[in-house]
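Working notes, structure below.
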Amino acid sequence: DGLVLAFQDITERKRLEVTRLRASRLESLGLVAGGIAHDFNNILTAIVGNISLAKVETESNEAAYMRLLRAEKAANRAKDLTQQLLTFAKGGAPIKKAASVAAIVRDTVEFASRGAKSAVSLSVPENLWPAELDQGQISQVIHNLIINANQAMAEGGTIFVTCENFVNDPNSTTGIGSLPFGRYVRIHIKDEGKGIAESDLPKIFDPYFSTKEGGSGLGLATTYSIVKKHQGQIFVDSDINRGTRFDILLPANPSLALDGAPRRKELVRGKGERVLVMDDDETVRDIVGNMLVELGYEPSFARDGSEALELYSFSLSQGRTFSVVLMDLTIPGGLGGKDTVRELLKIDPNAVAIVSSGYSNDPIMANYEKFGFRGVAAKPFRLHDLAEAIAAALEAQKTAGGGQATA
């Protein structure tokens, strides 16, 4: 009898199976991270809200005020860190606002390098252009790269961080051909570490690729995703035993108006207008109610969309409508913001709704107007953030021709 041997190349099938499992695992992690971020940001809303109120009450006490300011910054950094996996897993459309790139770089570098063996050489010009960006996401980019630089220099060294204004002309000798013509802020981050092998350089932005033992391979993939979504570019150059340098280019706009120093900015206050707060978290309802009272509004509360619609309809029938409805996007087991605002606009086409969520990278948060909202307030928000969101939403309604809602 003859013996027949059959060989089948299963390498490609195994590779596809591994890719499928990785994608499935990442999706599962994204869902878990989403739940954690949502719950954590609800807790942080109470923390940041109370700090904001305490800042108003202690503004005359310089020392106490500065401590509260530092606590607020730390709470905001905690919020940003919850978004790392979430941003990559679910896409993370940026919620862009005019921001000081210089301030983001300084604050993030200080935070990320705290307690590290490495020293930091920071050079940020006073005239660095502002940009329209998602502050949390860009802070995350800088944080990832500083952490990587620290890890590349286990015995210590210096991380060089420099920023500069850059006008790109793709046709000039100094231009970058892959980048559209325009103004950019360029951020250089260079370490003195062991470097990255030339064969590894093309793969470092791939998900799950890591040269570090126990590394997730998500940090640089997330970094690349964020920069790309900001219409920017990131480049890397490395020499073995001489270090690695990352260059980030972000579109800039010198004419953008910035808020200026946060601590003395005048609060935009209400004049007794009624605001309906829809949130399933009692702690959030409580602190947001206190914040609204401090701002001069009259708050009412609903635990979900159904209750909010009932309250709004009843008030409308009594001739006392709400000027603004602040809606949580996600209500477990109940009617959330997306469905509620649709039904609300059927009841009152002139209703002014603001979407709020701990899922700050939900597409609705970045494109809220398409869903019928007039404003957005990503959790956790400060007193100033809430004041500005309400004022901006009412102004947007007036501009759209809806008139101003009556108290």
Pair [X]-[Y], side-chain donor/acceptor within less than 3.5 Å:
X	Y	result
Lys379	Asn42	yes
Glu132	His230	no
Ser123	Thr162	no
Thr108	Ser139	yes
Asp328	Ser356	no

Would you mind reporting whether [Y] and [X] have side-chain heavy atoms less than 4.5 Å apart?
X	Y	value
Ser300	Val277	no
Lys190	Thr244	no
Ser315	Thr321	no
Lys117	Met153	no
Val48	Phe381	no
Gln233	Ser178	yes
Val341	Glu343	no

Salt-bridge present ([X], [Y]; N to O < 4.0 Å):
X	Y	result
Glu298	Arg320	yes
Asp279	Arg303	no
Glu110	Arg114	yes

Subject >> Check against side chain to side chain contact (heavy atoms under 4.5 Å, CB included), Ser317 and Phe314 >> reply: CA-CA 5 Å; Ser317 69; Phe314 177 76; 4.2 Å; yes
**OP:** Apply side chain to side chain contact (heavy atoms under 4.5 Å, CB included) to the pair Glu294 and Leu383, showing each step before the final yes or no.
**Re:** CA-CA 9 Å; Glu294 172 63 35; Leu383 195 63; 3.9 Å; yes
Original post:
Which of these, Asn290, Val288, Thr283, sits in a side chain to side chain contact (heavy atoms under 4.5 Å, CB included) with Asp286?
Top reply: Asn290
Subject >> Residue that, paired with Asn148, satisfies side chain to side chain contact (heavy atoms under 4.5 Å, CB included) out of Asp191, Leu220, Thr223 >> reply: Leu220
Closest approach of [X] to [Y] (non-hydrogen atoms, all atoms of both residues):
X	Y	answer
Pro180	Tyr184	O-OH, 2.8 Å
Val268	Ala387	O-CB, 3.4 Å
Val101	Ala131	CG2-CB, 3.8 Å
Ala308	Met278	CB-SD, 3.9 Å

**OP:** Check step by step if side chain to side chain contact (heavy atoms under 4.5 Å, CB included) holds for Tyr312 and Phe322.
**Re:** CA-CA 7 Å; Tyr312 196 97; Phe322 290 98; 3.7 Å; yes
Subject >> Non-neighbouring partners of Asn165 that pass side-chain contact (heavy atoms from CB on, under 4.5 Å), sequence neighbours left out >> reply: Asn127, Leu128, Trp129, Val185
Original post:
Which residues satisfy the side-chain contact (heavy atoms from CB on, under 4.5 Å) test with Asp339, sequence neighbours excluded?
Top reply: Leu335, Arg342
Subject >> Cation-pi check, Arg186 onto Phe166 ring (under 6.0 Å, within 45° of axis) >> reply: yes
Original post:
So, does Glu273 use its side chain to make a donor-acceptor pair with the main chain of Lys271 at under 3.5 Å?
Top reply: yes
Original post:
Is the side chain of Ser121 donor-acceptor paired with the backbone N or O of Phe160 at a distance under 3.5 Å, no angle test?
Top reply: no
**OP:** For the pair Met327 and Leu344, evaluate side chain to side chain contact (heavy atoms under 4.5 Å, CB included) and give the outcome as yes or no after the intermediate values.
**Re:** CA-CA 11 Å; Met327 294 185 182; Leu344 178 66; 3.5 Å; yes
